Amino acid sequence: VQLQAFGGGLVQAGGSLRLSCAASGRSFSGYIMGWFRQAPGKEREFVAAISWSGNTYYSDSVKGRFTISRDNAKNTVYLQMNSLKPEDTAVYYCAATTTLSAVGRAADFGSWGQGTLVTVSS
């Protein structure tokens with residue numbers, strides 16, 4: 001599956017953004033979709049994931065502020081980000097996998113989008 005993420009930009013602290021990730025190729029509905037992010041000088045970290053049936057998982061750092069969702073008819077996964085903080089500044093990547101050994105395990109995700117930059121100013 002090929003992935004393309006978009007929707008990043010510059011936003012003030014406390015603001016909101018919605019990222020989208022469009023998938024093409026094989027059946028989208030069978031994939032577990034995830035969002036990861038990588039801040040400058042830091043390792044890539046898990047943000048959120050959603051199963052084919054709609055079960056959702058979040059990192060503690062975004063729980064309660066971010067919401068992951070998917071529209072299988074549109075082959076798209078979304079990440080609604082509210083109450084953004086400067087520490088949320090990062091390149092955000094969407095990813096896809098058909099199997100997941102552990103929530104948030106980046107190595108399980110075989111398909112990755114190109115990333116979209118989110119910058120939160122204080």
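What you see is a predicted model; the values in this text were computed from it and never measured.
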(message) Between Tyr93 and Trp35, is there shared hydrophobic-cluster membership here, with clusters defined by ILVMFWY side-chain heavy atoms closer than 4.5 Å?
(response) no
(request) Kindly say whether Ala5 contributes a backbone atom to a donor-acceptor pair with the side chain of Gln114 at under 3.5 angstrom? (result) yes
(request) With sequence neighbours excluded, tell me which residues meet side chain to side chain donor-acceptor pair (under 3.5 Å) with Ser51. (result) Ser53
(message) Can you pull out every salt bridge (charged side-chain N to carboxylate O under 4.0 Å, His left out) where at least one residue sits in residues 32-57? Sequence neighbours excluded, please.
(response) Arg37-Glu45, Arg37-Asp88
(message) According to salt bridge (charged side-chain N to carboxylate O under 4.0 Å, His left out), does anything in residues 66-75 pair up with another residue at least two apart or in another chain? List the pairs.
(response) none
(message) Just to verify, what does Asp60 make a side chain to side chain contact (heavy atoms under 4.5 Å, CB included) with, not counting sequence neighbours?
(response) Lys63
(request) Following the transitive rule for hydrophobic clusters with a side-chain heavy-atom cut-off under 4.5 Å over Ile, Leu, Val, Met, Phe, Trp and Tyr, establish whether Tyr57 and Phe109 coincide in one cluster. (result) yes
(request) Indicate yes or no: at least one non-hydrogen side-chain atom of Phe66 is less than 4.5 angstrom from one of Ser59. (result) no
(request) Decide whether Val91 and Val62 are clustered together by the hydrophobic rule: side chain heavy atoms of Ile, Leu, Val, Met, Phe, Trp, Tyr closer than 4.5 Å, transitively. (result) no
(message) So Tyr58 and Val47, do their side chains get closer than 4.5 Å, heavy atoms only?
(response) no
(message) Applying side chain to side chain donor-acceptor pair (under 3.5 Å), can you list everything that pairs with Asn82, at least two apart in sequence or on another chain?
(response) Ser16, Gln80
(request) For Ala23 and Leu3, work out which heavy atoms get closest and say how close. (result) CB-CD2, 3.6 Å
(request) Only counting residues at least two apart or in another chain, list the ones meeting salt bridge (charged side-chain N to carboxylate O under 4.0 Å, His left out) with Lys85. (result) none
(message) Using the ring-ring contact (aromatic ring centres under 6.0 Å, His included) criterion, which residues pair with Phe46? Sequence neighbours excluded.
(response) Phe36
(message) If hydrophobic clusters are built from ILVMFWY residues whose side chains come within less than 4.5 Å, do Val1 and Val77 share one?
(response) yes
(message) Just to verify, what does Ser121 make a side chain to side chain donor-acceptor pair (under 3.5 Å) with, not counting sequence neighbours?
(response) none
(request) Can you run down the salt bridge (charged side-chain N to carboxylate O under 4.0 Å, His left out) pairs that involve residues 112-122, sequence neighbours left out, and say none if there aren't any? (result) none
(request) Determine whether Ser29 and Trp52 make a side-chain contact, defined as any pair of heavy atoms from C-beta on separated by less than 4.5 Å. (result) no
(message) Enumerate the salt bridge (charged side-chain N to carboxylate O under 4.0 Å, His left out) contacts for residues 89-112, please, sequence neighbours excluded, ordered by first and then second residue.
(response) Arg105-Asp108
(request) Using the rule that two of Ile, Leu, Val, Met, Phe, Trp, Tyr join whenever any of their side-chain heavy atoms come within less than 4.5 Å, decide whether Tyr78 and Tyr92 are in one cluster. (result) no
(request) Tell me, please, which residues at least two apart from Ser83 pass side chain to side chain donor-acceptor pair (under 3.5 Å). (result) none
(message) Suppose we screen for side chain to side chain contact (heavy atoms under 4.5 Å, CB included). Which residues come up paired with Leu17, at least two apart in sequence or across chains?
(response) Val11, Met81, Leu84, Val118
